[in-house]
Amino acid sequence: MRASKFFIATLKETPSDAEVISHQLMLRAGMIRRAASGLYSWLPLGLKVVRKVEHIIREEMARAGSQEVLMPAVQPAELWQESGRWVEYGPELLRLNDRHGREFCLGPTHEEVITDIVKKELRSYKQLPLNVFQIQTKFRDEIRPRFGVMRSREFIMKDAYSFHIDEDSLKDTYQEMFDAYVRIFDRLGLDYRPVIADNGSIGGSGSHEFHVLASSGEDDIAFSNQSDYAANIETAEALAPTTAKSEATQALIIKDTPNAKTIAALVEQFDIAIEKTVKTLIVEADEDCDFELVALLVRGDHELNELKAEKLPQVKAPLVFATEEQLKNNIGAGAGSLGPIDLDMPIIIDRSVATMSDFSAGANVDDKHYFGINWERDLAIPEIADLRNVQEGDLSPCGNGTLSIKRGIEVGHVFQLGTKYSEAMNANVLDQNGKAKSMHMGCYGIGVTRAVAASIEQNNDANGIIWPKNLAPFEIALVPINYDKADTVKQTTDALYDELIAAGIDVFLDDRKERPGVKFADMELMGMPHRLVISDRGIKAGTFEYKGRTDEEKQEITTQGACNFLIEKIRA
RNA sequence: CGGGGCGUAGCGCAGUCUGGUAGCGCACUUGUCUGGGGGACAAGGGGUCGCAGGUUCGAAUCCUGCCGUUCCGACCA
C-alpha cells in the first residue's frame, strides 16, 4: 500500500476527550473516529487490525470444531419474551418498533436467536454436541460508555454457543473452548490471565474470564503469588483468619462521638487501630425474611462484596442499601452510628469480624459508639459468612501463598449456561430413551474491538503504538527520503517494494511529499513494526537504514541482501 | 440516574469574570527556499461562538430553558 493512496488520518495533538492511552492513540493514529457517544467508525488502519484479530479467532474456532454463522442484529421481541429477558434485561437492551409497530431489539447477545434456530432444527441427541460461533456487531445501551472502544455501546464480538445432551458433554466443550482461548490470546500477543469468574444470576458450575492486565482495566483481579490461582475479586473467597480470637481485655463502655460519622474519623479521634473497628451496613431484606432490613458487618478496613452479600438468603437481590429514612424508622440512628449491640434485625458478620475482640462500633444512638466490644460476653455471636472483598496480602483461597490485586480488562468470557435458555425456550431433543431433554448450553465470548484497544493499552510508548507481530496493520514501512525528487531513490524504493510484495509481505510505502520527520513520526504513531529508510546518501554507500519499532538503535544494512534481511526480520 | 467540567475554524485552546470590529497555535491552499526527526518565509481560505428564548442601543460574554459531550459515582456483565 502506498501512503499517497491510503486514508491516513493521524493527529498531532491528543483529542481532549480521550482519557486512556489506547483511546488517545487510536484517535491519533487514525484508526477510529467517534460518531456519537459509544459509537465509532473504523478507518482503514483500524479495520485492518480488527480483521487480523478476527482472522486469528476464526482459525482457532475452526480448529476447535466451531462453525461460523451470522445472525440478525435486529431481533424480534418474541424471542426475548420467551427467554424472559425482555423483562429482565433492563434499559441496556435497546428496544425499537418497526413501521407496523412490532417490537424488536438490537441484539446485545444472541442466545435467544441461536437457541431458537437450534431447537427448530435438532431432534435427537445424535445431532449433539453442536458448536457454532458468530463474529458481529452487538449493541448494549451502556449507561456510561467510556474509554473509546473499550466500553462502547456498539462493538464487535465473537460469541460461540454450544449445545449438549448432558453436563459432561458441556464440560468437555467448555474445556476445549478454554484451550482455544488460550491459543487465541497467546497469538494476539496479550499479557492475560484466565480468572475464575462469577456465574451471575444464571448459576451453574463454571465460568472463567480472560483478563488483559492493564492499569486502566475496570475489574480487580486477585492473584496468588505461589500458584496459578486467579479470580475476579467479585468471586475470590476471603478465608477466615487463621489466628484465633484474643481474650477480652477491655470493659464495654459507651462514649459520645459527635464528630465521628465515619470509620476514618473514629480511628483518628480516638486513636484506635482500624482493625479494631467494625462497619455496620444495613441493606434491604429478602421478601421471605421477617424483617425489613438486614445488618452486614465487616471490619473497618474491609470492603463489602456486594455479590457475596446478594447471595445470602436473607438479603434482597439486587442489593439495596437502606435509606437514611429507613434507618431512622427501624433503628433510630443514622448511618454514622450503627453497630450490632441492641440491633433488632438479622445480623450477619464477616469471618474476620467473628475473630475480633475489644472492638468499636456504633451504639445505634446518634453520636455514640461502644468501645471494647467482645463477642459472647457482650452479645451472642451472629451468623458468620464471607462478606468482604479480598485484599492485597490476604491468604489465597487456593491454600498457597498470598494474594496480590491487579486491574484487568475483560476480553473473553467462557460460561456454562446449563439449561437456563433451553428450559425457558423449550429447546429439547430426544435422548437415548426417547425422552425429551433440555439441552445443556455453553457460551463463549471474546470482545474483538475491546481486544484491539487492550493490546494498545499494553503496547505503546511516547511515540505511539507498538503492534505485536500478529496484529500490526502493515508488516513493514518503507520510508524513502526525497522520493519525489531523486530518481535513484524512487527506482530503488519501487524495486524493493515490488520485491517485498512478491514475497507476500504487506508493505506500507510512505511515498508522500513530506519531510522525513513527519514520516517517521507517523510510522511510529501507527505502530509499524519495522522501518526501512531509503536515501540517496545510503544508496551511494550501498546501504539502507533499518530500525525495528522497539529497537534502541538504527542499523545499516547492505542494499544487496536487504529484501531477505527484511523478510527474516518480519517472519522472526 | 445523581454530582462536576466543557461546548468559540478540521484539531488544541484564549477571549466570558468586567457586554462594544471574533483571536492564537497546529492543520489546509498557493508560491519560494529547505530536504534524515512534526522546517522557514510570504500570501490566502475557513466561524450563524452548541440550540432556542430573554435582558440591552449593542450579547461569544449577562439571565432562563434545552441539547451534546466528558469526568466521578451508582448501574450492568
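Numbered from 1 within each chain, the chains take letters A, B, ... in sequence-line order.
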Judged by modelled atom types alone, do E292(A) and Q326(A) share a side-chain donor-acceptor pair under 3.5 Å? yes
Within the distance-only criterion (no hydrogens, no angle test), does the side chain of H110(A) pair as donor or acceptor with the backbone N or O of P72(A) below 3.5 angstrom? yes
Without decimals, in angstroms, what is the distance between E514(A) CD and rC28(B) C1'? 12 Å
Most 5' of T10(A) and R153(A) on RNA chain B, judged by nearest nucleotide: T10(A)
Using atom C1' in both nucleotides, what's the gap between rG46(B) and rA9(B) to the nearest angstrom? 6 Å
For nucleotides rU61(B) and rG53(B), find the distance between their P atoms and express it as a whole number of Å. 14 Å
Rounded to the nearest angstrom, tell me the gap between atom CG in L11(A) and atom P in rA27(B). 12 Å
Under 4.0 Å between a Lys/Arg side-chain N and an Asp/Glu carboxylate O for R85(A) and E111(A)? yes
Taking the side chain of R531(A) as its heavy atoms from C-beta onward, which of rU69(B), rG37(B), rC26(B) lies nearest to it? rG37(B)
Which value, in whole Å, describes the distance between the C1' atoms of nucleotides rC76(B) and rA60(B)? 40 Å
By the 4.0 Å heavy-atom rule, please label S535(A) as base, sugar-phosphate, or nothing. base
For E154(A) and T137(A), does a side-chain donor sit closer than 3.5 Å to a side-chain acceptor? no
Does any pair with a residue in residues 519-540 of chain A pass ring-ring contact (aromatic ring centres under 6.0 Å, His included), and if so which ones, sequence neighbours excluded? H530(A)-Y546(A)
Provide the Watson-Crick or G-U wobble partner of rC24(B), both distances under 3.5 Å; none if there is no partner. rG12(B)
Taking every heavy atom of N232(A) against every heavy atom of D220(A), the minimum-distance pair comes out as OD1-O, 3.6 Å
Would you indicate which nucleotide in rA77(B), rG38(B), rU69(B) comes nearest to any side-chain atom of D219(A)? rA77(B)
Which atoms form the tightest heavy-atom contact between A309(A) and L387(A), and what is the distance? CA-CD2, 4.4 Å
Using the C1' atom as the point on both nucleotides, what is the distance between rG25(B) and rU8(B), in whole Å? 15 Å
Ring pair (Phe, Tyr, Trp, His ring centres under 6.0 Å) partners for F210(A), two or more places apart: F178(A), Y181(A), F185(A)
Suppose we screen for side chain to side chain contact (heavy atoms under 4.5 Å, CB included). Which residues come up paired with D494(A), at least two apart in sequence or across chains? R2(A), Y483(A), K490(A), L509(A)
Counting only Watson-Crick or G-U wobble pairs whose two distances fall under 3.5 Å, which nucleotide matches rG45(B)? none
Contact list for residues 15-37 of chain A, test salt bridge (Lys or Arg N to Asp or Glu O under 4.0 Å), sequence neighbours left out: none
Counter-base of rA60(B), judged by Watson-Crick or G-U geometry with both distances under 3.5 Å: none
Using whole Å, report how far NZ of K513(A) lies from P of rC33(B). 12 Å
All N/O pairs under 3.5 Å across the protein-nucleotides 8-10 of chain B interface:
none

Could you identify the nucleotide paired to rU55(B), looking across every strand shown and requiring Watson-Crick or G-U wobble geometry with both distances under 3.5 Å? none
For a quick test of reading the model: is some side-chain N or O of S37(A) closer than 4.0 Å to OP1 or OP2 of rG68(B)? no
Measuring only the P atom in each nucleotide, how far is rA59(B) from rG54(B)? A whole number of Å is fine. 12 Å
Using OP1 and OP2 only, check whether a side-chain N or O of K519(A) sits under 4.0 Å from rG38(B). no
Find the distance L39(A):CG to rU70(B):P and express it as a whole number of Å. 10 Å
rU69(B), rA77(B), rG37(B): which one has an atom nearest the side-chain heavy atoms of A36(A)? rU69(B)
Could you state the atom-to-atom distance from NE2 of H211(A) to P of rA77(B) in whole Å? 14 Å
Under a 3.5 Å limit on both distances, the Watson-Crick or wobble mate of rU69(B) is rG5(B)
Between CG of N482(A) and P of rG39(B) the distance, given in whole Å, is 16 Å
I'd like the P distance from rA43(B) over to rU48(B), given in whole Å. 26 Å
Check whether more than 12 heavy atoms from other residues, nucleotides or ligands sit under 6.0 Å from atom CD of E392(A), and answer yes or no. yes
Suppose you measure atom C1' in rG10(B) against the same atom in rG37(B); what distance do you get, rounded to whole Å? 25 Å
Rounded to whole angstroms, how far apart are CD on E111(A) and C1' on rA77(B)? 12 Å
Under 4.0 Å protein heavy-atom contacts per nucleotide of nucleotides 71-76 of chain B, with B for base, S for backbone only and - for none: BBBBBB
Would you mind classifying the nucleic acid contact of V533(A) as base, sugar-phosphate or nothing, using non-hydrogen atoms under 4.0 angstrom? base
rG50(B) and rG7(B): how far apart are their P atoms, nearest whole angstrom? 8 Å
Hey, does R537(A) reach any base, or is it just sugar-phosphate, or nothing, if we go heavy atoms under 4.0 Å? base
Watson-Crick or G-U counterpart of rA40(B), or none if no pair lies under 3.5 Å: rU32(B)
Could you state the atom-to-atom distance from CZ of R450(A) to P of rA77(B) in whole Å? 14 Å
Take atom CD of E303(A) as the centre, draw a 6.0 Å sphere, and report whether it contains more than 12 heavy atoms from other residues, nucleotides or ligands. no
Test for a donor-acceptor pair under 3.5 Å between the base of rG39(B) and the side chain of R515(A), counting only N and O atoms. yes
Testing rG12(B), rG37(B), rU69(B) for proximity to the side chain of E524(A), the answer is rG37(B)
